[in-house]
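What follows is a single structure, written as C-alpha cells, with notes after it.
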Amino acid sequence: MLAASTLIILATLAGYALLCAIRPFAVCRTCSGTGLREARKGMKLCRRCRGTRYRLRTGRRLHNHARRLHSDGTRTRHTTDKECLPWQ
C-alpha cells in the first residue's frame with residue numbers, strides 16, 4: 001500500500017515536472033487569459049500577468065530559482081581573465 005501510494009506521488013511529480021519543462025507558461029487565472037481586468041472606470045491591465053495573458057508555473061519558477069542559486073554558488077574558471085591567472 002505504501003509503495004503504491006509512493007509510486008503514484010512520484011508519477012504525479014514527474015508528470016508535473018515534464019509539463020513545466022514542455023509548457024512553462026499557463027493561462028493567467030485572474031484574468032482568464034484576456035490580459036484585462038475590470039475596474040471602476042472600465043478595463044485595466046491585469047496585475048498578475050501584466051497584460052501578457054500568461055503566468056509562469058510554480059514548478060518552473062522553483063526550477064529557475066534552484067538553477068540560478070546553483071549557478072551563483074558555483075565558481076566558474078575563466079582562463080582568459082588576467083585577474084584569475086595565478087602567475088600574473
Side-chain angles (χ1 to χ4, degrees):
M1 186 70 167
L2 180 64
S5 52
T6 304
L7 184 63
I8 291 172
I9 291 172
L10 288 176
T12 305
L13 288 175
Y16 183 67
L18 185 64
L19 178 68
C20 288
I22 294 172
R23 295 193 51 165
F25 293 98
V27 175
C28 180
R29 291 183 297 229
T30 304
C31 64
S32 300
T34 61
L36 300 171
R37 64 178 178 87
E38 293 182 23
R40 282 185 247 171
K41 296 181 180 181
M43 302 297 276
K44 286 190 172 184
L45 287 179
C46 177
R47 291 183 204 168
R48 182 180 180 131
C49 66
R50 298 183 189 119
T52 62
R53 303 180 323 186
Y54 296 104
R55 63 174 177 84
L56 194 62
R57 293 184 193 269
T58 306
R60 187 58 183 212
R61 192 178 309 268
L62 289 172
H63 171 74
N64 289 347
H65 177 72
R67 189 179 57 191
R68 190 176 306 117
L69 185 66
H70 175 73
S71 67
D72 289 346
T74 306
R75 181 173 49 170
T76 58
R77 296 186 64 183
H78 298 285
T79 56
T80 58
D81 292 342
K82 291 183 179 180
E83 58 192 37
C84 291
L85 298 175
W87 58 83
Q88 290 181 351

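Heavy atoms only: backbone and side chains are in, while hydrogens, waters and symmetry mates are out. The first residue in the sequence is number 1, and the count goes up from there. Every value quoted in this text rests on a predicted model; they were computed, and no experiment measured them.
Note that CZ of R53 and CG of L36 are 10.0 Å apart. Values are rounded to the nearest 0.5 Å. Here the straight-line distance linking atom CZ of R61 with atom OG1 of T58 works out to 6.5 Å at 0.5 Å rounding. Distance CE/M1 to OG1/T6: 10.5 Å, rounded to 0.5 Å. In this structure, CG on L56 lies 12.0 Å from SG on C28, to the nearest 0.5 angstrom. Expressed to the nearest 0.5 Å, how far CD1 of I8 lies from CG of L13 amounts to 12.0 Å.
Scanning both residues, C49 and C31, for their nearest heavy atoms gives SG-SG, 3.7 Å. Scanning both residues, P24 and R60, for their nearest heavy atoms gives CB-CG, 3.6 Å. Nearest heavy-atom pair across R57 and F25 is NH2-O, 3.8 Å. For the residue pair C20 and G59, the shortest heavy atom distance occurs at SG-CA, 3.8 Å.
Side-chain atoms of M43 and T34, non-hydrogen and from C-beta on, never get closer than 4.5 Å to each other. Side-chain contact between R48 and R37 is absent, with no heavy-atom pair separated by less than 4.5 Å.
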